[in-house]
Amino acid sequence: MSNEFEDNDVEYIVMIQQVKEQWRQLISEQLVLLAKEKSIDENELLKAGPLSVQIPPKPEMGDLAFPLFPFAKVFRSSPAQIVSMLKERLVGVCGVSESSILPAGPYLNIRLDVSSLARDVYTRVSNEKDSYGHTSYLKGKRIMVEFSCPNTNKPLHLGHLRNDAIGESVSAILKANGAEVQKVNLINNRGVHICKSMLAYQKFSDGETPESAGIKGDHLVGKYYVRFAQWEKEDPSATEQAQQMLKKWENGDEEVLSLWNRMNGWTIDGVEQTYKKTGVSFDAYYYESDTYMLGKDNILKGLENGVFYKEEDGSVWIDLSEINLDKKVVLRKDGTSLYLTQDIGTAIQRHEKWPFDSLIYVVASEQSYHFKVLFYVLEKLGYEWAKDLHHLSYGMVNLPDGKMKSREGTVVDADDLFDSLTSLAKQEIIGKAREDIVGDVDKVSASIALGALNYYLLQTTTTKDMIFNPDDSISFSGNTGPYLQYMGARISSMLKKWDEMKHDFDGIEFDPAVLDLQEERELIKQIALFPSLVLEGAKEYNPSVITSYLYDLSRLFSRYYHDHAVLKAQSSVLIKARVTLVEMVLQVLKNAYALVGIPFLESM
RNA sequence: GCGCCAAUAGCUCAGUUGGAUAGAGCAACAGCCUUCUAAGCUGUGGGUCAGAGGUUCGAAUCCUCUUUGGCGUACCA
């Protein structure tokens with residue numbers, strides 16, 4: 001799946017791909033000449049298709065691989081024979097050094113001149129610093145990203161955390177590709193579910209407040225939402241009473257409105273605190289209570305224009321047979337609006353306030369039907385920009401025993417989870433007796449918790465369902481956020497030592513030629529690869545591209561510095577070169593962390 | 001019923017436009033701390049890529065069917 005933007009007119013330079021393309025061209029040319037020599041028809045050759053470039057499975061096999069299977073038929077030779085003919089030409093005619101060509105059966109493998117790549121990478125990383133890896137793919141595009149969208153009747157849970165992590169990360173990735181991004185939140189503050197917590201509060205609370213009870217506002221409101229569910233079991237009239245309250249709300253009943261304002265304030269205040277802890281922020285807020293009327297107006301307009309039709313009972317419908325769906329109610333028979341109606345209004349208001357080139361809704365996959373209908377309705381209403389709307393559908397978060405269910409009390413609360421992660425991180429720091437080195441223990445613990453959480457939530461491909469295993473999620477070893485942060489911290493600590501000794505290296509230039517270890521070659525290539533993954537992440541709206549890149553880079557680095565001394569290398573030139581490499585790794589780590597919500601820590 | 005999505009090691013997940021011996025982490029076992037942070041590194045064991053066909057020189061990847069699971073198909077949000 002790719003997004004709506006065209007690749008044309010966009011210039012983004014991705015070093016390793018340039019090198020790839022150069023080699024592909026060179027070899028393709030030789031393939032054509034070879035065919036001519038053998039009097040093979042050019043059209044025949046074309047049938048074999050363009051030459052493809054791959055990466056060999058093992059680094060010692062070379063850096064690039066060109067499989068020659070497809071050409072066997074045309075050349076009436078085995079792929080291996082073609083490889084050896086090509087090698088002869090490349091070395092003899094093109095003057096390519098023999099050592100850079102590694103024939104491997106049917107594959108023509110190329111060993112790159114990594115030191116020249118290292119020099120390019122070094123120039124780019126040291127010039128671009130925090131923006132290394134960024135592209136101009138989406139330059140000039142205005143993209144709105146909607147995510148989180150809490151209800152005002154309960155606190156955030158694990159599902160919101162995945163939503164938030166994806167929303168923040170996708171926004172950061174789009175920005176890194178040059179887009180102007182506006183992050184928006186839609187507060188679901190209207191509807192019968194909101195009235196349920198209000199009603200229970202009225203009946204059972206004795207007027208307690210977050211202050212008097214010493215409970216975070218969203219949790220206090222959530223407590224009454226749960227209380228309603230209990231009461232509903234005892235008193236069958238509960239639901240009806242809630243509906244009556246909704247009617248009062250819609251009629252502007254002052255008492256109801258004032259309670260609504262008060263309790264919404266509590267919830268939003270509590271949710272804001274959670275956002276702050278988890279590094280979530282928005283550029284604009286929208287409220288369903290503000291937009292549902294606009295949606296309703298548009299339905300009525302569409303009714304006049306024949307987009308919708310009215311049933312005898314007064315309800316308004318749209319026929320969806322054009323997109324192979326049934327039909328759908330857009331306005332209730334009593335004239336009140338639905339979820340869909342509100343979303344229509346919200347979209348219109350957004351495009352008026354901030355005309356966008358694209359609007360991305362980060363919403364769980366269970367709502368894909370809703371968005372299909374929403375986009376279709378907007379298109380039918382004549383809004384041209386309806387084609388620019390995109391549902392970024394992410395999978396559900398399940399528990400090892402199955403789905404989270406509020407009725408069964410298996411919902412994982414966002415604050416509880418974050419706080420327990422934080423206290424585990426703190427225990428870890430204390431257990432290692434690193435309080436003094438770390439400094440602000442609470443702050444660092446919270447950053448570790450956040451890194452662990454975001455990495456855990458973003459490493460699964462966005463669109464897939466995932467299982468949240470509480471035991472795994474609180475583990476800080478192996479393929480986890482803290483592992484990645486640890487690399488950054490160790491490099492930082494190494495570079496601090498370097499600061500003290502670097503004046504002895506003043507006259508020494510960075511010489512990439514001395515970085516000839518396999519691990520060093522791999523690290524350089526990995527650094528050079530980063531921009532292409534930032535681009536891929538944006539094209540696919542998929543942060544997991546970045547998380548897996550980060551893990552690969554960290555693992556490469558971790559092995560490297562375990563086995564090879566940097567500050568105590570054999571020669572000054574080598575020390576300087578390795579330090580430079582390490583500095584580049586740190587820069588890329590930081591830039592990648594920023595895209596997936598992993599805080600950088602100088603020490604941990 | 002219909003529609004959408006998924007199925008890869010005991011568990012959680014990666015797996016590029018179809019390419020070489022399908023990779024990690026966890027869990028298990030065995031090593032490595034007077035050595036740039038052991039939140040680390042190394043090694044061992046663990047696979048019918050749900051099943052069956054098809055396309056292809058070549059399929060975890062593309063197509064068809066089957067099985068299993070999830071979600072949707074509300075005048076809920």
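Residue numbering restarts at 1 for every chain, and letters A, B, ... go by the order of the sequence lines. As a basis for the values below, the full set of heavy atoms in this structure was taken, side chains included, without hydrogen atoms, waters or symmetry mates. In this text, all values refer to a predicted model and were calculated from it rather than measured experimentally.
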**OP:** To the nearest Å, give me how far apart CE (A:Met604) and P (B:A38) are.
**Re:** 12 Å
Subject >> Watson-Crick or G-U wobble mate for B:G47, both contacts under 3.5 Å >> reply: none
**OP:** In sequence, state the C-alpha distance, the side-chain angles, and the governing distance for A:Tyr541 and A:His390, and then conclude on ring pair (Phe, Tyr, Trp, His ring centres under 6.0 Å).
**Re:** CA-CA 11 Å; A:Tyr541 302 133; A:His390 184 262; 4.8 Å; yes
Original post:
From the list B:A39, B:C75, B:C13, which nucleotide is the closest neighbour of the side chain of A:Met466?
Top reply: B:C13
**OP:** With A:Ser445 as reference, evaluate A:Lys426, A:Glu428, A:Met604 under the side chain to side chain contact (heavy atoms under 4.5 Å, CB included) test and give the passing residue.
**Re:** A:Lys426
**OP:** Identify whether the distance between the nearest side-chain nitrogen and carboxylate oxygen of A:Lys496 and A:Glu500 falls below 4.0 Å.
**Re:** no
**OP:** Would you indicate what A:Ile467 reaches in the nucleic acid, counting non-hydrogen atoms under 4.0 angstrom: base, sugar-phosphate, or nothing?
**Re:** sugar-phosphate
**OP:** Answer with base, sugar-phosphate or nothing: what part of the nucleic acid does A:Arg490 contact at a heavy-atom distance below 4.0 Å?
**Re:** base
Original post:
For A:Ile448, which contact category applies under a 4.0 Å heavy-atom criterion: base, sugar-phosphate, or nothing?
Top reply: base
Original post:
Between B:U16 atom P and A:Asn542 atom CG, what is the distance in whole Å?
Top reply: 12 Å
Subject >> Inter-nucleotide C1' distance (B:U66, B:A28), Å rounded >> reply: 37 Å
**OP:** Run the ring-centre check on A:Tyr361 versus A:Phe147 and record whether the distance is less than 6.0 Å.
**Re:** no
**OP:** Report which part of the nucleic acid A:Met61 touches: base, sugar-phosphate, or nothing (heavy-atom distance under 4.0 Å, all strands).
**Re:** base
Original post:
Relative to the 5' end of RNA chain B, which residue comes earlier, A:Val53 or A:Thr462, by the nucleotide with the nearest heavy atom?
Top reply: A:Thr462
Subject >> Donor/acceptor link under 3.5 angstrom from A:Ser368 side chain onto base of B:C4 >> reply: no
**OP:** Remember a base hit wins even if backbone is also touched, and classify A:Ile429 as base, sugar-phosphate or nothing at under 4.0 Å, heavy atoms.
**Re:** base
**OP:** Give none if B:C26 has no partner; otherwise give the nucleotide forming a Watson-Crick or G-U wobble pair with it, both distances under 3.5 Å.
**Re:** B:G10
**OP:** Taking the six-membered ring of A:Tyr287 (Phe, Tyr or Trp), confirm whether the NZ or CZ of A:Arg190 is under 6.0 Å from its centre and within 45° of its axis.
**Re:** no
**OP:** Choose from B:C36, B:A14, B:C75 the nucleotide whose nearest atom is closest to any side-chain atom of A:Thr460.
**Re:** B:A14
**OP:** Examine the side chains of A:Thr346 and A:Thr291 and answer whether a donor and an acceptor come within less than 3.5 Å of each other.
**Re:** yes
Original post:
How is A:Gln367 classified with respect to the nucleic acid when contacts are heavy atoms under 4.0 Å: base, sugar-phosphate, or nothing?
Top reply: base
Original post:
Are A:Phe66 and A:Tyr107 an aromatic pair by the rule of ring centers under 6.0 Å?
Top reply: no
Original post:
What distance, rounded to whole Å, do you find between the two C1' atoms, one in B:G23 and one in B:A14?
Top reply: 7 Å
Original post:
Quick one: A:Lys502 NZ to B:C36 C1', roughly how many Å, whole number?
Top reply: 16 Å
Original post:
With a 4.0 Å cut-off on heavy atoms, is A:Asn151 in touch with a base, just the backbone sugar-phosphate, or nothing at all?
Top reply: sugar-phosphate
Subject >> Any A:Lys403 side-chain N or O less than 4.0 Å from OP1/OP2 of B:C71 >> reply: yes
Original post:
With syn defined as a glycosidic torsion within 90 degrees of 0 and anti otherwise, which applies to B:C33?
Top reply: syn
Original post:
Is there a Watson-Crick or G-U wobble partner for B:C62 with both distances under 3.5 Å, and if so, which one is it?
Top reply: B:G54
**OP:** Look at the side chain of A:Asp563 and decide which nucleotide, out of B:C36, B:C75, B:C41, has an atom nearest to it.
**Re:** B:C41
Original post:
Does a side-chain N or O from A:Lys58 land closer than 4.0 Å to OP1 or OP2 of B:A20, or not?
Top reply: no
Original post:
Counting only Watson-Crick or G-U wobble pairs whose two distances fall under 3.5 Å, which nucleotide matches B:G72?
Top reply: B:C2
**OP:** Could you tell me whether the phosphate oxygens of B:A14, OP1 or OP2, come under 4.0 Å of any side-chain nitrogen or oxygen in A:Thr461?
**Re:** yes
Original post:
What nucleic acid atoms does A:Lys333 come within less than 4.0 Å of, heavy atoms only: base, sugar-phosphate, or nothing?
Top reply: base
Original post:
For A:Phe69 and B:G19, are the ring centres under 5.5 Å apart with planes inclined under 30°?
Top reply: yes
**OP:** Measure the distance from CG on A:Leu553 to P on B:A14 and round it to the nearest whole Å.
**Re:** 20 Å
Original post:
Looking only at atom P, what distance separates B:C32 and B:U17, rounded to whole Å?
Top reply: 44 Å
Original post:
Which listed nucleotide (B:C36, B:C57, B:C75) is nearest to the side chain of A:Ala565?
Top reply: B:C36
Subject >> B:C2 OP1/OP2 closer than 4.0 Å to side-chain N/O of A:Tyr369 >> reply: no
Subject >> Lys NZ or Arg CZ of A:Lys539 over A:Tyr137 ring: under 6.0 Å, within 45° >> reply: yes
**OP:** Scan A:Ala489 against the nucleic acid and name what it touches under 4.0 Å (heavy atoms): base, sugar-phosphate only, or nothing.
**Re:** base
Original post:
Which part of the nucleic acid does A:Ala65 contact within heavy-atom distance under 4.0 Å: base, sugar-phosphate only, or nothing?
Top reply: base
Original post:
Between B:U12, B:C41, B:C71, which nucleotide gets closest to the side-chain atoms of A:Asp472?
Top reply: B:U12
**OP:** With heavy atoms under 4.0 Å as the rule, sort A:Pro400 into base, sugar-phosphate or nothing.
**Re:** nothing
Original post:
Given B:C41, is OP1 or OP2 found less than 4.0 Å from the side-chain N or O atoms of A:Ser558?
Top reply: yes
Original post:
Roughly how many Å is it from CG in A:Leu186 to P in B:A77, rounded to a whole number?
Top reply: 13 Å
Original post:
Does A:Asp63 pair with A:Lys525 as a salt bridge, N-O distance under 4.0 Å?
Top reply: yes
Original post:
Does B:C36 have OP1 or OP2 sitting under 4.0 Å from an N or O in the side chain of A:Arg578?
Top reply: no
Original post:
Centres of the A:Tyr455 and A:Tyr483 rings: under 6.0 Å?
Top reply: no
Original post:
Quick one: the side chain of A:Asn109 and the base of B:A20, do they pair up donor-acceptor inside 3.5 Å?
Top reply: yes
Subject >> Nucleotide opposite B:U21 in a Watson-Crick or G-U pair, distances under 3.5 Å >> reply: none
**OP:** Determine: side-chain N/O of A:Lys464 to OP1/OP2 of B:C5, distance under 4.0 Å, yes or no.
**Re:** no
Original post:
Looking across every strand, which nucleic acid part, if any, lies under 4.0 Å from A:Asp465 by heavy atom: base, sugar-phosphate, or nothing?
Top reply: sugar-phosphate
**OP:** Determine the contact category for A:Gln54: base if any of its heavy atoms lies under 4.0 Å from a base atom, sugar-phosphate if only primed atoms, P, OP1 or OP2 are that close, otherwise nothing.
**Re:** base
Original post:
Is A:Pro106 touching bases, backbone alone, or none of the nucleic acid, heavy atoms closer than 4.0 Å?
Top reply: nothing
**OP:** Starting from P on B:A20, measure out to OH on A:Tyr107 and report it in whole angstrom.
**Re:** 5 Å
Original post:
Which comes earlier along RNA chain B counting from the 5' end, the contact point of A:Asn188 or that of A:Glu428, where each point is its nearest nucleotide?
Top reply: A:Glu428
Original post:
Between A:Ile430 (CD1) and B:A39 (P), how many Å, whole number?
Top reply: 15 Å
Subject >> Spacing between A:Tyr339 atom OH and B:G72 atom P, to the nearest angstrom >> reply: 13 Å
